[in-house]
> 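My questions will all concern the structure given below.
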Amino acid sequence: MPPRPRLSIVCPAYQEEDVLPRFHAALAPAVAPLEAEFDLEILYVDDGSRDRTLAVIRALAAADPRVRYVSLSRNFGHQVALTAGLDHATGDAVVSLDSDLQHPPALIPALVAKWREGCDVVLTVRSDDRRLGWFKRASSRAFYRLLAAVSTVEVRPAAADFRLLSRRAADELGRLREPHRYVRGMVQWLGFPAAEVPFEPAPRQGGVSKYTLRRMLRFAADGLLSFSPAPVRLAAAFGLAVTGASWVLSTTAVALLVPLADPAARVGLVLLTALHAIAAGGLVAAGVIGEYLTRIYEQAKDRPLYLVKETSPAPVAAARPARAA
Ligand code: UDP
Ligand code: MG
């Protein structure tokens, strides 16, 4: 008899002590129908939580043999935690979803069905849900429009980090080790046959969102800068435009004002303004270049993306050794 296919469910969790027991309680019945066909592995990634998240995960693993976990040495951020989960998952297909119940586990069989039809990547596309709050919806829509305009790969708007990857897609994604990770863009970059499943995000069922405005901006910057040279080109164009405008301004000012009585002060003022504009343009351009440079610097250091502090005791993963971080 051929071995049963394995299905991994990867759930990153950071400070989720409140919602995790409920998440697991919702996940278990949602994936139960799949157990007729698959060996299941539920892989929690504790992203260096400082609350009782790890203790909760340990208890889940003790009570449920399908549960494995990886605990990272500190908080490395959602995208890296997700990567750690994909690295350690052993399934023939790997589903990732948030552990705050915003991504409905009930949808997992639908993702698996698409994979069965031969898709390597099954994306979930968030419908524009009113419950998300106007700011998150508006900023997300604006961001994806911008990304679509400048990006070198097509990133589906509102494609959440709730998706299924085939074994080969997960392996190939695992070879991309860039430290500033924008996983949904990287998945698109793979280019494997993909399908989409729409879903309505639910409100978070406990705990708080870890994506503060600052984190959201950083995430947006990673998306833009990892997939587009447009910002630096824009900065160069801006610098050129400002410089040109300043030249025109100052020469016409000199030409017009010099014949007038006592124009020195006014000429000086105009020249000063032009100088300021040039300096500002230069600074903006330098800042944008700096953003790319720090990313090159991070990449040049070539550090592992994360360090593992603890894993679940029974290594169910014997069949496929985890890739080095
Ligand atoms: N998360 C993580 N590390 C972090 C921040 C978040 O592993 O540094 C997890 C978090 O526990 C959740 C998922 O990533 O399962 C999405 O985070 P969150 O719900 O806070 O983001 P939002 O849904 O508000 O965009
Ligand atoms: Mg959430």
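Starting from 1, each residue takes its place in the sequence as its number. Both ligands and their constituent atoms are indexed starting at 1 by order of listing.
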> Measure centre to centre between the rings of Y14 and H78, then say whether the value is under 6.0 Å.
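No, ring centres 6.0 Å or more apart.
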> Between the side chains of E41 and R6, is the shortest nitrogen-to-carboxylate-oxygen separation below 4.0 Å, so that they form an ion pair?
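Salt bridge present between R6 and E41.
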> For ligand 1, which atoms have a heavy atom of D100 less than 4.0 angstrom away?
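So the atoms of ligand 1 that pass are 19 (O), 23 (O).
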> Check N75 against ligand 1 and report side chain, backbone, both or neither, counting heavy atoms closer than 4.0 Å.
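The answer is the side chain of N75.
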> So, are R175 and E172 salt-bridged, with charged N and O less than 4.0 Å apart?
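Looking at E172 together with R175, the answer is yes, because their closest N to O distance falls below 4.0 Å.
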> Among all protein non-hydrogen atoms, which one is nearest to atom 24 (O) of ligand 1, and what is the separation to 0.1 Å?
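Ranked first by proximity to atom 24 (O) of ligand 1 is S209 OG, 2.4 Å.
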> For atom 9 (C) of ligand 1, what's the nearest protein heavy atom and its distance?
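Minimum-distance protein heavy atom for atom 9 (C) of ligand 1 reads P12 O, 3.9 Å.
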> F219 and V153: same hydrophobic cluster, using ILVMFWY side-chain contacts below 4.5 Å?
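Yes, F219 and V153 fall within the same hydrophobic cluster.
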> Any N/O of V208 closer than 3.5 Å to an N/O of ligand 1?
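By distance alone, the answer is no.
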> Considering only N, O or S atoms, which atom of D100 is nearest to the Mg ion (ligand 2)?
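Considering only N, O and S atoms, D100 comes nearest to the Mg ion (ligand 2) through OD2.
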> Would you indicate which of V45, D47, L20 comes nearest to atom 4 (C) of ligand 1 when only heavy atoms are counted?
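Result: the heavy atom closest to atom 4 (C) of ligand 1 is in D47.
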> Checking contacts here: is it the side chain or the backbone of H103 that comes within 4.0 Å of ligand 1, counting heavy atoms only? Could be both or neither.
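Near ligand 1, H103 shows nothing, with every heavy atom at 4.0 Å or more.
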> Under a 4.0 Å threshold between the charged nitrogen and the carboxylate oxygen, would K114 count as salt-bridged to E196?
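Salt bridge absent between E196 and K114.
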> Please round to the nearest 0.5 Å and tell me the distance separating atom CG of L107 and atom CG of L164.
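Those atoms lie 11.0 Å apart.
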> Give me the nearest non-hydrogen protein atom to atom 23 (O) of ligand 1 as residue plus atom name, then the distance to 0.1 Å.
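Nearest neighbour among protein heavy atoms for atom 23 (O) of ligand 1, to 0.1 Å: Q102 OE1, 2.7 Å.
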> Please determine if R167 and D92 form a salt bridge, counting it only when a charged side-chain N lies under 4.0 Å from a carboxylate O.
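Judged by the 4.0 Å cut-off on N to carboxylate O distance, R167 and D92 do not form a salt bridge.
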> Below 4.0 angstrom from a heavy atom of R204, which ligand 1 atoms are there? Numbered from 1 as shown, please.
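That gives atoms 18 (P), 19 (O), 20 (O) of ligand 1.
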> Please report which non-hydrogen protein atom sits nearest to atom 11 (O) of ligand 1, along with the residue it belongs to and the distance in Å to one decimal place.
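Result for atom 11 (O) of ligand 1: E16 OE2, 2.6 Å.
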> In terms of hydrophobic clusters joined by side-chain contacts under 4.5 Å, are V187 and L305 together?
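V187 clusters together with L305.
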> Mind listing the closest non-hydrogen atom pair of C119 and A195 along with its distance?
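Result for this residue pair: SG-CB, 3.5 Å.
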> Just let me know how R215 lines up against ligand 1, side chain, backbone, both or neither, with a heavy-atom cut-off below 4.0 Å.
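The part of R215 near ligand 1 is the side chain, not the backbone.
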> If you have a sec, work out which protein heavy atom is nearest atom 2 (C) of ligand 1 and how many Å separate them, to one decimal?
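Nearest neighbour among protein heavy atoms for atom 2 (C) of ligand 1, to 0.1 Å: Y14 CB, 3.4 Å.
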> Check this for me, if you would: do K210 and E16 make a salt bridge, where the nitrogen-to-carboxylate-oxygen distance has to be below 4.0 angstrom?
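The answer is yes: the pair qualifies as a salt bridge.
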> How close do S226 and E178 get, counting heavy atoms only, and between which atoms?
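Closest pair (atom of S226, atom of E178, distance): CB-OE2, 4.4 Å.
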> Please work out, at 4.0 Å between heavy atoms, whether the side chain, the backbone, both, or neither of Q15 comes within that distance of ligand 1.
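It is neither; nothing of Q15 touches ligand 1.
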> Taking a cutoff of less than 4.0 Å between a non-hydrogen atom of the residue and any ligand atom, is M216 in contact with ligand 1?
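No heavy atom of M216 comes that close to ligand 1.
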> For ligand 1, which atoms, with element, lie under 4.0 Å from some heavy atom of D98?
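Per the distance check, 13 (C), 15 (O), 16 (C).
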> Side-chain donor-acceptor pair under 3.5 Å between Q79 and D161, yes or no?
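Looking only at side-chain atoms, D161 and Q79 do form a donor-acceptor pair, the distance falling under 3.5 Å.
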> Which residue and non-hydrogen atom of the protein lie closest to atom 14 (O) of ligand 1, and at what distance in Å?
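Here the nearest protein heavy atom works out to H78 CD2, 3.1 Å.
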> Does the shortest distance from the Mg ion (ligand 2) to an N/O/S atom of Q102 fall below 2.8 Å?
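Under 2.8 Å: Q102 contacts the Mg ion (ligand 2) through an N, O or S atom.
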> Where's the contact between A81 and ligand 1, heavy-atom distance under 4.0 Å: side chain, backbone, both or neither?
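Side chain only; the backbone of A81 stays clear of ligand 1.
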> With atoms numbered from 1 as shown, which atoms in ligand 1 lie under 4.0 angstrom from a non-hydrogen atom of A13?
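Under 4.0 Å from A13, ligand 1 has these atoms: 7 (O), 11 (O).
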> Quick one: does any side-chain atom of T294 pair with a main-chain N or O of E291 as donor and acceptor, under 3.5 Å?
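Yes; judged by distance alone, with no hydrogens or angles, the pair exists.
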> Within the side chain of S8, is there an N or O that forms a donor-acceptor pair under 3.5 Å with the backbone of A89?
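A pair under 3.5 Å: no.
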> Report the nearest protein non-hydrogen atom to atom 25 (O) of ligand 1: residue, atom name, distance rounded to 0.1 Å.
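Of the protein heavy atoms, K136 NZ, 2.8 Å lies nearest.
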> Got the closest protein heavy atom to atom 21 (O) of ligand 1, with its distance?
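For this ligand atom, the closest protein heavy atom is Y211 CD1, 3.1 Å.
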> Residue-level breakdown please: for K210 versus ligand 1, do any non-hydrogen atoms fall below 4.0 Å on the side chain, on the backbone, on both, or on neither?
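Contact part for K210 vs ligand 1: both backbone and side chain.
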